[in-house]
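A short worksheet on the structure shown next.
In what follows, every heavy atom counts, from backbone to side chain, and hydrogens, waters and symmetry copies are set aside.
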Amino acid sequence: MMKVILKESVSGLGKTGDVIDVADGYARNYLVPKNIAVVATKGTLKEWDLRRATLVKKEAKDRTEAEAIAAGLNNKEVKVEAKAGEEGKLYGSVTSKEIAAAIEKQLKTEVDKKKIELAQPIKEVGDHPVTVKLFPGVDTTVIVKVVGSKEE
């Protein structure tokens, strides 16, 4: 086993700045070459202790910003127009990209499409609650109102 310091968060391993034990090969062949982690030595541990204070401040600032955005978006409604058939079934599906664009245009808030979680694609007209994960532990719900437009 080898001790490494994570330079960025990795799901299943830890957050930026965490000191973890990983298999030698995983560290040498993947984490270190991809610049995701550095080998934990006395020097690198001391350097990361100094950096950790800055990281904690940045994380607190990012969390505060995410909470403010979440409060502004919580249970707000955005309208997305899509081509639909007679019974309200869409001729495709509404994607997270379209939802992100609608949030930006209608609510004047920029949200990365990767932060929008769709359990399954939206394929019918109606109101659909959608979770937006803005920051670890900071989620909000946006109501996506899908309105069908007839094909011409």
Item to check | Under the side-chain contact (heavy atoms from CB on, under 4.5 Å) test, residues paired with Phe135 that sit two or more places apart | outcome: Glu59, Asp62, Arg63, Ala66, Val138
Checklist entry - Same cluster for Tyr30 and Leu6 if Ile/Leu/Val/Met/Phe/Trp/Tyr side chains link at under 4.5 Å? => result yes
Item to check | CD on Glu8 to CG on Leu31, rounded to 0.5 Å | outcome: 9.5 Å
Next on the checklist: Under 4.0 Å between a side-chain nitrogen and a carboxylate oxygen: does that hold for Asp49 and Lys46?
Outcome noted: no
Next on the checklist: I need the Leu13 CG to Ile36 CD1 distance, nearest 0.5 Å.
Outcome noted: 9.0 Å
Next on the checklist: Run Ile122 and Ile99 through side chain to side chain contact (heavy atoms under 4.5 Å, CB included) and show every step you take.
Outcome noted: CA-CA 10 Å; Ile122 298 173; Ile99 295 169; 4.2 Å; yes
Checklist entry - In chain order, what residues pass the side chain to side chain donor-acceptor pair (under 3.5 Å) check against Lys76, with sequence neighbours excluded? => result none
Item to check | Any donor-acceptor N/O pair, Ser9 side chain to Thr16 backbone, under 3.5 Å | outcome: yes
Checklist outcome for this item: Students should find that the hydrophobic cluster of Ile143, defined by side-chain heavy atoms under 4.5 Å apart, otherwise consists of none
Next on the checklist: So does Lys114 get a backbone contact from the side chain of Asp112, meaning a donor-acceptor N/O pair under 3.5 Å?
Outcome noted: yes
Item to check | Partners passing side-chain contact (heavy atoms from CB on, under 4.5 Å) against Glu104 (at least two apart in sequence or in another chain) | outcome: Glu110
Checklist entry - For the atom pair NZ (Lys7) and NZ (Lys34), what is the distance rounded to the nearest 0.5 Å? => result 14.0 Å
Checklist entry - For the atom pair CE (Met2) and CG (Asp21), what is the distance rounded to the nearest 0.5 Å? => result 10.5 Å
Item to check | ILVMFWY clustering at 4.5 Å (side-chain atoms), partners of Trp48 | outcome: Ile5, Val19, Val38, Leu45, Leu55
Checklist entry - By salt bridge (charged side-chain N to carboxylate O under 4.0 Å, His left out), which residues pair with Lys89, not counting sequence neighbours? => result Glu124
Next on the checklist: Walk me through whether Tyr26 and Val4 qualify under side chain to side chain contact (heavy atoms under 4.5 Å, CB included).
Outcome noted: CA-CA 11 Å; Tyr26 186 49; Val4 295; over 6 Å; no
Item to check | Check against side chain to side chain contact (heavy atoms under 4.5 Å, CB included), Val130 and Leu118 | outcome: CA-CA 6 Å; Val130 173; Leu118 292 174; 3.9 Å; yes
Next on the checklist: If I take atom OG1 from residue Thr95 and atom NZ from residue Lys113, how far apart are they, to the nearest 0.5 angstrom?
Outcome noted: 7.5 Å
Checklist entry - If you measure from CD on Glu81 to CD on Glu98, what distance do you get to the nearest 0.5 Å? => result 11.5 Å
Item to check | Side chain proximity check, Leu73 to Val111, heavy atoms < 4.5 angstrom | outcome: yes
